[in-house]
Amino acid sequence: MNQTDDTNTVKQNFIRLRINEDKATQKYEGRVHTRFPPEPNGYLHLGHAKSICLNFGLAEEYLGKCNLRFDDTNPSKEEQEYVDAIRKDVSWLGFHWHEEHYASDYFEKLYAFAEKLILMGKAYVDDQSAEEIRTTRGTLTSAGSNSPFRERSSAENLDLFRRMKAGEFEDGTRVLRAKIDMSAPNMVMRDPTLYRIKRASHHRTKDTWCIYPMYDFTHCLSDALENITHSICTLEFENNRELYDWVLDTLEDFPQRPYQHEFARLNLTYTILSKRKLIQLVEEKQVCGWDDPRMPTISGIRRRGYPPEAVRDFCERIGVAKANSTVDFALLEHCVREQLNASSPRVMGVLNPLKLIIENYPENQVEEFDMPYHPEDESHGSRIVPFSKELYIEREDFMEEPPKKFFRLAPGREVRLRYAYYVTCTEVIKDSTGKIVEIRCTYDPKTKGGWSEDGRKVKGTLHWVSALHAIQAEVRLYDKLFIEENPSKAEDFTACINPESVKIIKAFLEPALAQAQAGYACQFERLGYFIADAADHTSEKPVFNRTATLRDTWAKINKKQG
RNA sequence: UGGGGUGUAGCCAAGUUGGUAAGGCAGCGGGUUUUGGUCCCGCCAUCCGUGGGUUCAAGUCCUACCACCCCAGCCA
């Protein structure tokens, strides 16, 4: 009996199996305690989201706990800005951590453990240079050789280590190493470095320390000190597990110690999920910051308009396994659309306006139509939209010579102006260059509200905006933009929006407009779910915007016709 | 040439002690529809990296091989 039994929607995975096993054997008295341990050296991205959802999700599922721990053992890379951003992003995803910790809070304890190791004869101070250590480590196929300093006495090691801490030695002149086996087939076990001398101000401990513990020494002990039961990390740490176990088993201080479990990190098509590359984009100002809507960071997609629920759903759907894989970005978009479809109010907007004049509509008349915000959910309410003789429609919604399967406006054809009237195109007006500048129509007064008593159907339904009442909003749309190639090439659009729709759109638009840079995430009913700068997701390859469904569909129709 | 991992459809991914290949995304076909959206229905692995073997029966067991990923930071 376990928590997964009550829902058949929970996908089984090897980590859940391990937890079930551990619960069955009462390994931790039934406890489940995980942790999400980022190094605060950058912003969180979708790859981290997978880990966050896994760790926090498992804790929720098994009524356990999950800590947020900052793995801040390398002061030269870490900053307070990053810890603030990380806390915000985890919260935004909707998770609450049981405790917040910092590896740096354990520096004293870790130091004591190191001295204990020295006393046990399991660690020694090595005076060799980094270069010497590297060359004597051997290669993948040949054993390394022992350091000439490997057999120092515990007393000498202790003295040297204390002097390292006291700051008596220059950076890089000495390290503390575990005494394990220089011929171990696992490279990680060839007397790994435990402490290095590094005079760098730490974002929290400032200049208190000049020696800092390495990941392999810190991580397992931090887990153990927090009574973590399941230490979940990515595949590249598989080789480190042996050392993780060695440290905890050698110290013998933790009867109920944690065990490490590795899973494959997330790869997404068209998307860069490498902190190294992302930080490069930011530093080279290829993007306007970590939260640029084009970035695959949590803060970037937040600005892009992705709901956190969608990200969590995505993380659940991709599963957890040990096989390296690349998830199709379309799955993420599907999750986003699914959320947005239910929650987004629908409004009308025109991005590329074409004037439409209703010849038989009274000159100064203005009608108001009550239009629902959501076609399937009345709880979204409705708003009043003004209608008049002169309107704007989307340029793409008219074709003078429509191909087959084009259902919208064309000469002589009748279509519906959404929630307003049926109109029939009577005339096309062009300028001297042949460009269509205006469409003339007649309307049928008996079709008020957008339906006909005689039951006649129209194939197309168009968005419209009253020219008299329209508000123009400057928006910036990133379209088919590839960061690597041309970061500044964004297209500016003037969108015409019904005044009543403005408040809806502004809610999405404002953060972006305020920064005068970002894309926007709003819901133009006609264009699909959100246009935002959804066209782009830090692409490595050209990508067609899958979320602007209208364009997509149209492209498909064109393709079919050859 | 060492060690640690992984291989099920275009992409993810279930598959518990061997019993006759879930589900999702994408795609295709059809229906509903005041969004070319949503929703609904149908189709989409004679086969589980490959070759042998055990068995009445193998994705699941044995064996050999192949492919890909990770490891030689005083990064995490």
Side-chain angles (χ1 to χ4, degrees), chain A residues 8-9 11-13 17 20 37-39 41 71-74 76-78 126 128-130 133-135 137-144 171-177 183-190 192-198 211-212 214-216 218-219 233-242 262 264 269 275 314 316-335 337-338 341-342 346 348 371-372 375-376 405-408 416-420 449-451 457-463 524-529 546 549-550 552-554 556-557:
Chain A
N8 49 23
T9 56
K11 186 187 285 182
Q12 196 53 272
N13 63 48
L17 285 175
N20 292 342
E39 179 187 14
N41 67 344
D71 220 340
D72 54 351
T73 57
N74 185 358
S76 51
K77 285 187 175 178
E78 298 147 7
D126 195 338
Q128 293 183 107
S129 67
I133 288 179
R134 188 171 60 76
T135 56
R137 185 151 22 227
T139 69
L140 296 179
T141 51
S142 63
D171 286 15
T173 54
R174 270 171 246 256
V175 291
L176 183 72
R177 290 230 261 170
S183 61
N186 180 357
M187 298 295 289
V188 173
M189 300 301 277
R190 320 249 261 229
T193 301
L194 266 23
Y195 269 87
R196 76 283 213 184
I197 304 171
K198 178 175 267 196
I211 58 171
Y212 291 93
M214 300 290 289
Y215 164 86
D216 285 306
T218 309
H219 206 91
C233 64
T234 46
L235 247 31
E236 64 268 28
F237 292 102
E238 279 176 322
N239 298 312
N240 301 253
R241 186 177 59 232
E242 193 178 351
E262 310 88 7
T269 54
K275 228 187 231 182
F314 172 71
E316 185 56 44
R317 288 193 196 214
I318 57 178
V320 181
K322 301 192 72 157
N324 288 317
S325 59
T326 302
V327 177
D328 193 336
F329 201 97
L331 179 58
L332 210 211
E333 292 178 322
H334 168 83
C335 295
R337 280 197 299 267
E338 195 168 78
N341 180 46
R346 270 56 165 182
M348 296 195 296
M371 300 173 56
E376 281 111 35
K405 294 214 171 183
F406 181 85
F407 303 140
R408 288 163 275 162
R416 171 190 295 120
L417 292 177
R418 189 145 215 248
Y419 294 119
W451 61 282
K457 304 275 190 194
V458 287
K459 291 277 261 181
T461 299
L462 268 50
H463 272 212
F524 283 115
E525 185 172 357
R526 186 51 192 272
L527 292 181
Y529 291 105
R546 314 303 307 252
T549 54
L550 181 70
D552 222 12
T553 307
W554 187 232
K556 216 186 309 181
I557 290 169

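Chain naming here is simple, since letters A, B, ... match the order of the sequence lines and numbering starts at 1 in each.
At a threshold of 4.0 angstrom between heavy atoms, the contacts of A:Leu417 with the nucleic acid are absent. Across all strands shown, A:Leu140 has heavy atoms under 4.0 Å from base atoms, whether or not it also approaches the sugar-phosphate. The residue A:Ala321 sits close only to the backbone: its heavy atoms come under 4.0 Å of sugar-phosphate atoms, none of a base. At the heavy-atom level, A:Lys198 lies under 4.0 Å from the strands shown only through sugar-phosphate atoms. Among the protein residues, A:Phe237 comes within range of the nucleic acid bases, having at least one heavy atom under 4.0 Å from a base atom. Using a 4.0 Å heavy-atom criterion, one finds that A:Gln128 contacts the bases of the nucleic acid, with or without backbone contacts as well.
Dashed line: the shortest gap from a side-chain N or O of A:Thr73 to OP1 or OP2 of B:A76 is under 4.0 Å. Regarding contacts with the backbone of B:A13, a side-chain N or O of A:Ser325 is found under 4.0 angstrom from either OP1 or OP2. An OP1 or OP2 oxygen of B:C74 is reached within less than 4.0 angstrom by a side-chain nitrogen or oxygen of A:Arg137. At the phosphate of B:A26, OP1 or OP2 sits under 4.0 Å from a side-chain N or O atom of A:Arg337. Here A:Thr193 reaches the OP1 or OP2 of B:C74: one of its side-chain N or O atoms lies under 4.0 Å away. OP1 or OP2 of B:A76 lies within a sub-4.0 Å distance of a side-chain N or O belonging to A:Arg196.
Pairing partner, B:A14: none, since no Watson-Crick or wobble contact has both distances short of 3.5 Å. Taking a pair to require two hydrogen-bonding distances under 3.5 Å in either a Watson-Crick or a G-U wobble arrangement, B:C65 pairs with B:G49. Taking a pair to require two hydrogen-bonding distances under 3.5 Å in either a Watson-Crick or a G-U wobble arrangement, B:A21 remains unpaired. Nucleotide B:C43 is matched to B:G27 when pairs are restricted to Watson-Crick or G-U wobble geometry with both distances under 3.5 angstrom. Pairing of B:G2, defined by two Watson-Crick or G-U wobble distances under 3.5 Å, is identified with B:C71.
Between the side chain of A:Arg408 and the base of B:G36, a donor-acceptor pair under 3.5 Å is found. For A:Asn239 against B:G3, a side-chain N or O and a base N or O form a donor-acceptor pair under 3.5 Å.
Residues A:Lys322 and A:Glu262 are paired through a salt bridge, judged by an N-O separation under 4.0 Å between the basic side chain and the carboxylate.
Note that OG1 of A:Thr73 and NE2 of A:His219 are 10.0 Å apart. Values are rounded to the nearest 0.5 Å.
Classification of B:G15 as anti follows from a glycosidic angle more than 90° from 0.
Spacing of C1' atoms, B:C61 relative to B:U54, comes out at 8 Å, to the nearest Å.
Nearest-nucleotide mapping onto RNA chain B: of A:Arg416 and A:Asn13, the residue sitting toward the 5' end is A:Asn13.
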